[in-house]
Chemist: 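After the structure tokens below, expect a handful of questions from me.
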Amino acid sequence: MELKINGSTHQVDAAPETPLLWLIREDLGLTGTKFGCGLAQCGACTVMVDGMAVRSCVTPVEGVVGREIRTIESIESDALGQRVVAAWVKHQVAQCGYCQSGQVMAATALLQRTPRPTDAEIAAAMTNLCRCGTYNAIKTAIHELAAG
Amino acid sequence: MMDSEHASVRDNLFPDNKPVNISRRKFLLASAGIMAGALVISFGIPIQPARAAQMPKPFVPGTRVPAFLEIRPDNTARLLSPFIEGGQGIFTALAQIIGEELDLDPAQFVVENAPPGDDYKVMEKGGRFTGGSNSVRSSYTTMRKLGAAGRLMLMQAAANEWKVPVQQLTTEPGKVIHQPSGRSATYGELATAAVALPVPDTDAVALRDPAQFRWIGKPVQRIDVRDKSTGKAMYTIDARVENMLYAAVQHAPRLGLEVGSLRNEAHVRQIKGVHAVEWLSGAVAVVADRWWIAKRAVEALQVDWLEPGPQSTARYMSAEFSTEAFVKHLGELPGEGETAETKGDVGSAISGAGKTVSAVYHTQNLNHAQLEPPSALARFDDAGNLEVWLPNQAPDLFLADIARQTGLDPSRIKLHSPLLGGFFGRHFLYPNASPYPQAIQLAKAVGRPVKVIWSREEEFLRDVLRPLAVVRFRGALDAQGTPVAIEAISVTEGPTEGIANKHGAQLDPTALEGLTGKRYDIPHKRIAQLYQQTHVALGYWRSVGNSINDFLYEAFLDELADTGQVDPYEMRLKLLRGNDRLTHLLQEVAALSGGWKRGPFTAEDGSRRARGVAMASPFGTETAVIAEVSIEHGKVRVHDIWQAIDPGSIVNPAIVDAQVNSAVALGLSQTLVEQAVYKNGMPVARNYDLYRILPPDLMAKVHVKVIESGAKMGGIGEPPLPAVAPAVANAVSHLTGQRIRSMPLSTYTFDT
């Protein structure tokens with residue numbers, strides 16, 4: 001199977017139902033995308049597929065062949081990603097940091113689609129869990145990004 | 001795979017322990033996996049345990065500068081930290097503390113967890129672990145002296161080079177200056193000469209006047225936020241070495257069971273990508289090319305599990321155990337318990353009082369539920385030496401345990417301790433709760449490096465839980481409604497005695513802290529424990545006993561206030577009369593919230609709301625919290641948490657603010673939604689679908705007031721947690737008229 005990840009193509013040899021997460025982490029060595037629950041509950045594994053936030057731990061690889069996959073490793077390859085990371089740094093969001101790749105990807109996907117999200121749109125998009133409780137810092141960062 | 005993919009994988013490998021000339025970028029990515037002494041070729045001051053080991057005389061931990069600091073030609077410093085970073089900000093705090101005295105901007109530091117070794121046993125009472133909110137307060141002065149000694153070494157190197165008296169030298173951040181001649185040199189330029197010099201007597205070095213601090217006490221940016229926002233931070237689960245295989249396990253459904261037989265082992269061995277099926281202690285494992293293959297295969301294994309024999313004394317989860325029945329049993333257990341703290345005569349005071357109150361409270365078990373599932377990577381070299389990567393809060397203890405289990409001399413074991421993806425007490429040395437024995441056994445069995453990852457479900461089967469307690473309270477009031485007597489008998493097993501699997505000769509202080517150590521001036525009191533062992537494996541959870549006991553005590557205190565018909569805030573002030581520090585703290589939290597206002601009142605959005613107040617004295621720090629709540633669709637909504645916190649003095653106000661936010665989130669989580677429940681010997685919830693942790697939409701606004709009273713420095717990571725639950729419970733009790741005597745509140749139904 002051929003996967004398009006962060007702008008380049010990769011051949012992977014895996015059973016078609018293998019979750020995208022494990023190919024990203026183990027075959028491609030892109031360990032910024034994290035495993036947390038395996039059930040699409042926590043969002044630590046969030047990547048973008050054709051611009052949409054997707055939980056890669058439950059995404060069979062066969063469903064994303066030929067589509068544009070973007071992981072945290074390429075987050076600063078465009079202006080929006082750079083802005084999101086800059087806001088995360090400015091507001092000192094991360095604590096343990098384990099969920100933050102997923103948080104940043106979810107935020108970037110939201111803002112790419114909806115540059116000026118309402119509070120309700122933010123709440124609907126930002127459902128990733130954070131055990132360190134960085135939710136208020138995340139909210140502050142996104143509100144600032146949404147204000148331009 | 002294509003060659004480019006191999007390259008991308010290799011970039012992230014944790015390297016062999018050989019001196020290699022690697023680029024700075026790769027060093028930063030891989031550094032968490034390198035032991036001290038690995039980087040002698042490319043950088044200025046090598047960190048030198050070998051040289052240190054040759055020193056004949058005994059030394060004081062935390063004094064030998066080269067064991068901690070490597071200053072590189074580019075004027076950055078690599079610091080080996082005695083404490084592990086798991087979100088609490090310790091790597092940044094140490095860069096501030098050492099940088100302040102070394103005279104180097106904290107932003108110039110790269111910090112990693114130090115390997116095991118006596119150099120790093122820097123805590124006040126000796127030893128080394130990351131926990132008990134001890135890191136900064138136990139090492140603050142030692143770390144300052146270390147930085148100051150490093151600065152003196154750099155100055156001496158310059159003095160030798162320039163042949164001038166060291167007294168004529170000064171420093172600016174990152175460089176030594178000789179003003180008379182106008183000469184200067186960067187630390188990086190001086191590092192090689194400096195490291196060869198003897199370390200000055202750290203007790204004799206002059207420390208900087210706190211009034212002149214540039215970084216201590218300032219909201220310095222965390223040094224790890226950028227890497228953690230771009231996926232570059234490396235955790236144990238990210239560790240990779242060449243030729244590595246992956247393993248998944250199926251744990252025995254109940255602790256104490258062992259593998260009897262496998263019905264379909266031959267079939268599972270045939271699955272494509274599977275290398276081995278192995279029997280482990282209390283588990284079976286599959287080793288495979290890819291973790292997903294291993295996981296699917298191990299789940300397919302049909303195992304017959306054996307109950308332990310009648311002689312077994314190991315901790316055992318019975319098939320009959322259920323949490324609900326156990327809590328009922330604790331409530332009915334007869335006895336007055338063993339006294340931990342007593343004053344006056346509680347019995348007479350209660351029997352002679354006009355108004356008395358008695359009530360039974362309880363709390364729930366909790367999972368740690370840190371986002372990073374446990375993993376461990378083990379690798380043997382050709383000579384049989386072992387390397388292990390594992391998440392841990394106490395490297396020396398884990399190293400000793402690995403030596404014990406393998407029979408290897410500790411000098412033949414290298415332990416790597418990468419960043420923790422959250423811990424909250426999860427990664428102490430607990431029996432059966434870490435995958436490293438499995439990884440070691442599997443690596444030996446297959447002759448290749450093996451990384452074991454526990455799925456969330458397997459983690460929730462072996463996580464050690466926060467204890468639960470049933471507490472019987474009695475209290476008495478005088479004619480003014482002021483409490484004059486309080487008795488608490490906690491029917492529980494504490495975490496420390498749970499880990500030891502026996503009730504010791506002395507009471508377990510971690511069982512009762514938060515019932516004991518309360519500051520209120522109540523003339524008659526008795527705090528006791530009625531020990532009852534549980535089947536559940538126990539451990540430390542952020543703020544430990546205080547996470548349970550301050551909820552119980554402070555909620556009961558409000559029950560006393562209501563019976564006495566006095567305001568709970570005024571009552572607390574009265575009970576703190578003569579205690580200026582806590583009176584001030586309580587008044588500060590009230591002021592922070594705009595003045596004490598219990599309610600109920602109608603908020604701008606039309607909702608009916610009330611506020612509750614509570615205090616706690618955990619881990620050397622004093623805290624006071626006010627919570628504002630309403631009921632929304634029958635469930636509690638917490639709108640605001642105001643917290644005043646007095647840790648004596650602090651290092652980084654921004655990190656303190658973040659830690660208060662974090663502790664509030666965990667406090668709200670246990671108050672509102674979280675509980676670990678067993679039925680028929682099995683946890684009902686084994687993932688976040690059924691085990692709820694606080695989601696974003698239940699987070700409250702958090703307002704923090706830090707008070708630096710100048711008292712002895714207290715902790716920060718845990719102290720802001722315990723007063724959250726009782727403040728919320730007291731607000732809800734007042735708003736609804738329904739007395740809250742247990743957590744979580746999701747088990748209550750409220751009228752909208």
Chemist: Side chain from CB out, backbone as N, CA, C, O: work out which of these in B:Tyr246 comes under 4.5 Å of a heavy atom of chain A, or both, or neither.
Modeler: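 The side chain, not the backbone.
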Chemist: Among A:Gly36, A:Gly133, A:Ala40, A:Ala15, which residue forms the greatest number of heavy-atom pairs with chain B at distances under 4.5 Å?
Modeler: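 When all of A:Gly36, A:Gly133, A:Ala40, A:Ala15 are compared, A:Gly36 has the most.
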Chemist: Would you kindly say whether A:Gln100 and A:Trp88 are connected by a side-chain donor-acceptor distance under 3.5 Å?
Modeler: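 A:Gln100 vs A:Trp88: donor-acceptor pair found between side chains.
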Chemist: Suppose we screen for side chain to side chain contact (heavy atoms under 4.5 Å, CB included). Which residues come up paired with A:Pro117, at least two apart in sequence or across chains?
Modeler: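 By the side chain to side chain contact (heavy atoms under 4.5 Å, CB included) rule, A:Pro117 matches A:Leu110, A:Leu111, A:Thr114, A:Glu121, A:Ile122, A:Ala146.
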Chemist: For the candidates B:Glu85, B:Glu372, B:Arg296, which exhibits the highest count of non-hydrogen atom pairs separated by less than 4.5 Å from chain A?
Modeler: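 Heavy-atom pair counts peak at B:Glu372.
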Chemist: Is it true that the side chains of B:Arg426 and B:Asn392 contain a donor and an acceptor less than 3.5 Å apart?
Modeler: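 No - no donor-acceptor pair under 3.5 Å links their side chains.
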Chemist: For B:Gln370, is it the side chain, the backbone, both or neither that has a heavy atom under 4.5 Å from a heavy atom of chain A?
Modeler: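 Answer is backbone: N, CA, C or O of B:Gln370 sit under 4.5 Å from chain A.
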Chemist: Answer yes or no: is there a donor N or O on one side and an acceptor on the other, between the side chain of B:Asn687 and the main chain of B:Arg456, under 3.5 Å?
Modeler: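 A pair under 3.5 Å: no.
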Chemist: Please say whether more than 12 non-hydrogen atoms of neighbouring residues, nucleotides or ligands are located less than 6.0 Å from CG in B:Asn243.
Modeler: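 Result for CG/B:Asn243: enclosed.
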Chemist: Could you check which of A:Gln103, A:Glu76, A:Met126 has the highest count of heavy-atom pairs closer than 4.5 Å to chain B?
Modeler: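 Maximum pair count with chain B is reached by A:Glu76.
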Chemist: I need the residue from A:Val85, A:Thr71, A:Leu129 with the largest number of non-hydrogen atom pairs under 4.5 Å to chain B.
Modeler: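 Option with the greatest count: A:Leu129.
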Chemist: For B:Val702, is it the side chain, the backbone, both, or neither that has a heavy atom closer than 4.5 Å to a heavy atom of chain A?
Modeler: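 Backbone plus side chain of B:Val702, per the 4.5 Å heavy-atom cut-off to chain A.
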Chemist: Shorter than 4.5 Å, heavy atoms on both sides: which option in B:Arg542, B:Lys701, B:His368 has the most such pairs with chain A?
Modeler: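 When all of B:Arg542, B:Lys701, B:His368 are compared, B:His368 has the most.
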Chemist: Which bit of B:Ile655 comes within less than 4.5 Å of chain A, counting heavy atoms only: side chain, backbone, both or neither?
Modeler: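 Nothing of B:Ile655, per the 4.5 Å heavy-atom cut-off to chain A.
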Chemist: Using non-hydrogen atoms and a 4.5 Å limit, figure out which bit of A:Lys139 sits close to chain B: side chain, backbone, both or neither.
Modeler: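 Neither the backbone nor the side chain of A:Lys139 comes within 4.5 Å of chain B.
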Chemist: At a heavy-atom separation under 4.5 Å, does A:Ala14 approach chain B through its side chain, its backbone, both, or neither?
Modeler: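 Contact with chain B: backbone and side chain both.
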Chemist: Check whether A:Thr18 gets within reach of chain B through its side chain, its backbone, both or neither, counting any heavy atom under 4.5 Å.
Modeler: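 Answer is both: backbone and side chain atoms of A:Thr18 are under 4.5 Å from chain B.
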Chemist: Hey, which of B:Lys295, B:Lys228, B:Lys272 has the most heavy atom pairs under 4.5 Å with chain A?
Modeler: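 With the most close heavy-atom pairs to chain A, the winner is B:Lys228.
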Chemist: Which one of B:Pro373, B:Gly422, B:Gly86, B:Gly273 has the most heavy-atom pairs closer than 4.5 Å to chain A?
Modeler: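 So the answer, after comparing B:Pro373, B:Gly422, B:Gly86, B:Gly273, is B:Pro373.
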Chemist: Which word best sums up how the rings of A:Phe35 and B:Trp291 line up, parallel for under 30°, tilted for 30 to 60°, or perpendicular for over 60°?
Modeler: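 Tilted.
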Chemist: For the residue pair B:Phe460 and B:Tyr688, categorise the inter-ring angle as parallel (less than 30°), tilted (30 to 60°) or perpendicular (more than 60°).
Modeler: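 Correct class here is perpendicular.
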Chemist: Among B:Pro695, B:Ser455, B:Ala700, who wins on heavy-atom pairs under 4.5 Å with chain A?
Modeler: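 Among the listed options, the one with the most contacts to chain A is B:Pro695.
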Chemist: For the CZ atom on B:Arg226, are there more than 12 heavy atoms of other groups (residues, nucleotides or ligands in this structure) within a distance under 6.0 Å?
Modeler: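 Counting neighbours around CZ of B:Arg226, 12 or fewer heavy atoms of other residues, nucleotides or ligands fall under 6.0 Å, so no.
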Chemist: With respect to chain A, which residue among B:Leu694, B:Asp289, B:Asp697 yields the maximal number of heavy-atom pairs within a distance under 4.5 Å?
Modeler: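 Of the options given, most contacts go to B:Leu694.
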Chemist: Is the shortest side-chain heavy-atom distance between A:Ile69 and A:Leu20 below 4.5 Å?
Modeler: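 A:Ile69 reaches A:Leu20 side chain to side chain.
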Chemist: Less than 4.5 Å to any heavy atom of chain B: does that hold for the side chain of A:Ile138, its backbone, both, or neither?
Modeler: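 The answer is neither part of A:Ile138.
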Chemist: In sequence, state the C-alpha distance, the side-chain angles, and the governing distance for A:His91 and A:Glu144, and then conclude on side chain to side chain donor-acceptor pair (under 3.5 Å).
Modeler: CA-CA 10 Å; A:His91 294 286; A:Glu144 186 176 284; 3.0 Å; yes
Chemist: Identify which of A:Thr33, A:Leu23, A:Ile72 forms the greatest number of heavy-atom pairs closer than 4.5 Å to chain B.
Modeler: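 Winner by heavy-atom pair count: A:Ile72.
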Chemist: Verify the distance criterion only: is there a donor paired with an acceptor across the side chains of B:Gln96 and B:Asn652 at less than 3.5 Å?
Modeler: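 Per modelled atom types, B:Gln96 and B:Asn652 side chains form a pair under 3.5 Å.
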Chemist: Checking heavy atoms, do the side chain of B:Glu457, its backbone, both or neither come under 4.5 Å from chain A?
Modeler: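 For B:Glu457, side-chain heavy atoms alone lie under 4.5 Å from chain A.
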Chemist: Please flag which part of A:Val104 lies under 4.5 Å from any non-hydrogen atom of chain B: side chain, backbone, both or neither.
Modeler: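 Contact with chain B: side chain only.
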Chemist: Which residue out of A:Met105, A:Lys90, A:Arg25 racks up the most heavy-atom pairs below 4.5 Å with chain B?
Modeler: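 Option with the top pair count is A:Arg25.
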Chemist: Would you check if there is a donor-acceptor pair between the side chains of B:Asn661 and A:Thr134 at a distance under 3.5 Å?
Modeler: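 Result is no, nothing qualifies.
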Chemist: For A:Gln95, is it the side chain, the backbone, both or neither that has a heavy atom under 4.5 Å from a heavy atom of chain B?
Modeler: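 A:Gln95 touches chain B through backbone and side-chain heavy atoms alike.
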Chemist: State whether a side-chain donor-acceptor pair under 3.5 Å links A:His143 with A:Asp119.
Modeler: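 Present: a donor and an acceptor within the cut-off.
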